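Values in this document were obtained by computation on a predicted structure and should not be read as measured data.
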Amino acid sequence: MKKRIVTGLVLGIILIPLLLVEALFPLLQCVITLFCVVATMEMIHMVEKNKPMKRSVKIIIVISALLIYFGIVNEDPACKNSLISFVMSRYDFKLSMLTTLTLVCALIFACQIFVEDFDAADVGRCFMIILYISLGFSSITILLFSGLRFIIYMILIACCTDIFALVFGINFGKHKLCPKISPKKTWEGAIGGTAVAAIVGALFALFYDKFGHYFVIGATPIRFFEGVFDVDKMPAAVLVIFTIVLTILISIASQCGDLICSKFKRTYGIKDFSQVFPGHGGILDRFDSTLFASIVFLCLISIVRILFALPGFMVFGA
């Protein structure tokens, strides 16, 4: 427990300033990129429990995950001020999601020909690693550059869900949620955690223009979804319902993210993905809920943008 607390404090001391001080954003992007690489290696190490991978395949997987991550971030309008976009623009290097995905597909499928003992099942494992990591970390990066409030909102939901799922589960849990994946989780805990997260998260979003900006250094009072879609086109009642539903779905997604990684670990017989964070496990042990929740968050907002026929290539930005 002592090791867990010390590691948590060290992480907070390092990450909180990187999140709150805009001048440190380039360094934060380097940290996110490093996390992306480490998380990819964690998943490679996980699948190797069943079957070892050639070094050449490992290198292809890491490079592929980074290429897709860079391609998505570079192509999203919200990330036009990111370090990735700056470097690519500086050297006039164009990298798109379609280009990187096509290249990655060609490389992985070609491994069946040029790498000994590499079969169709290995192709599936490679794509599982590449897509899960690249989509998760690119979603977090897009949310970050769209507004720190979205990261705070998502973390608030994930934390409330996790804490109160434990509280409700211990006190009222009788019906197992997924006994074959996570025996201690219960329906009562899951519903209780989501209920509390829905209240806290929705209040944060709906009243962000009144007090939420105090969470972000130098932020000005704006409506939570301002810049995402035209909130003036949405009736107040619809906005409230949408915010509550969105918060509930993100809470459910955070629990699904936890269960997905638990399923991975049970399938491959590991306790933790790594020991990068002593007492906490690896990158995927700490960010399992956040990665999947961020993907769902962006997908839901994309659907709303389409419904309101707003411009924009992906999710955020004009």
Just verifying a value: how many Å separate Leu203 CG and Ile244 CD1, rounded to the nearest 0.5 Å? 8.5 Å
So, Tyr153 versus Thr247: side-chain donor-acceptor pair below 3.5 Å or not? yes
Quick one: closest heavy-atom pair of Met154 and Phe297, and the distance? SD-CD2, 4.3 Å
Would you call Asp119 and Lys51 a salt bridge, taking side-chain N to carboxylate O under 4.0 Å as the test? yes
Taking side chain as C-beta onward, heavy atoms only, is Ile44 less than 4.5 Å from Val62? yes
Are any non-hydrogen side-chain atoms of Val47 and Met128 less than 4.5 angstrom apart? yes
Are Phe204 and Ile152 side-chain neighbours, meaning at least one heavy-atom pair lies under 4.5 Å? yes
Taking the side chain as every heavy atom from C-beta outward, state whether Phe168 and Ile191 have any pair of such atoms under 4.5 Å apart. no
Is there side-chain contact between Ser274 and Ile283, with heavy atoms separated by less than 4.5 Å? no
Identify all side-chain donor-acceptor contacts of residues 193-201 below 3.5 Å with residues at least two apart in sequence or on another chain.
{"unit_1": "Thr194", "atom_1": "OG1", "unit_2": "Ala190", "atom_2": "O", "d": "3.0"}
{"unit_1": "Thr194", "atom_1": "OG1", "unit_2": "Ser251", "atom_2": "OG", "d": "3.1"}
{"unit_1": "Thr194", "atom_1": "OG1", "unit_2": "Gln255", "atom_2": "NE2", "d": "2.7"}

Partner residues of Arg266 under the salt bridge (charged side-chain N to carboxylate O under 4.0 Å, His left out) criterion, sequence neighbours left out: none
Evaluate Thr161 against Asp258 for side-chain contact (heavy atoms from CB on, under 4.5 Å), listing each step before the verdict. CA-CA 11 Å; Thr161 301; Asp258 187 3; over 6 Å; no
Ring centroid separation Phe127 to Phe109 under 6.0 Å: yes
With a 4.5 Å cut-off on side-chain heavy atoms, are Cys126 and Phe118 touching? yes
Is there a side-chain contact (heavy atoms from CB on, under 4.5 Å) between Ile130 and Ile108? Walk through the geometry before answering. CA-CA 10 Å; Ile130 293 167; Ile108 298 300; 4.0 Å; yes
Got more than 12 heavy atoms from elsewhere within 6.0 Å of CZ, Phe277? yes
Any side-chain heavy atom of Val240 within less than 4.5 Å of one from Leu206? yes
Using a strict cut-off of less than 4.0 Å between a Lys/Arg side-chain nitrogen and an Asp/Glu carboxylate oxygen, indicate whether Asp117 and Lys54 qualify as a salt bridge. no
Test side-chain contact (heavy atoms from CB on, under 4.5 Å) on Arg286 and Val276; report intermediate values, then the result. CA-CA 10 Å; Arg286 286 298 87 207; Val276 172; over 6 Å; no
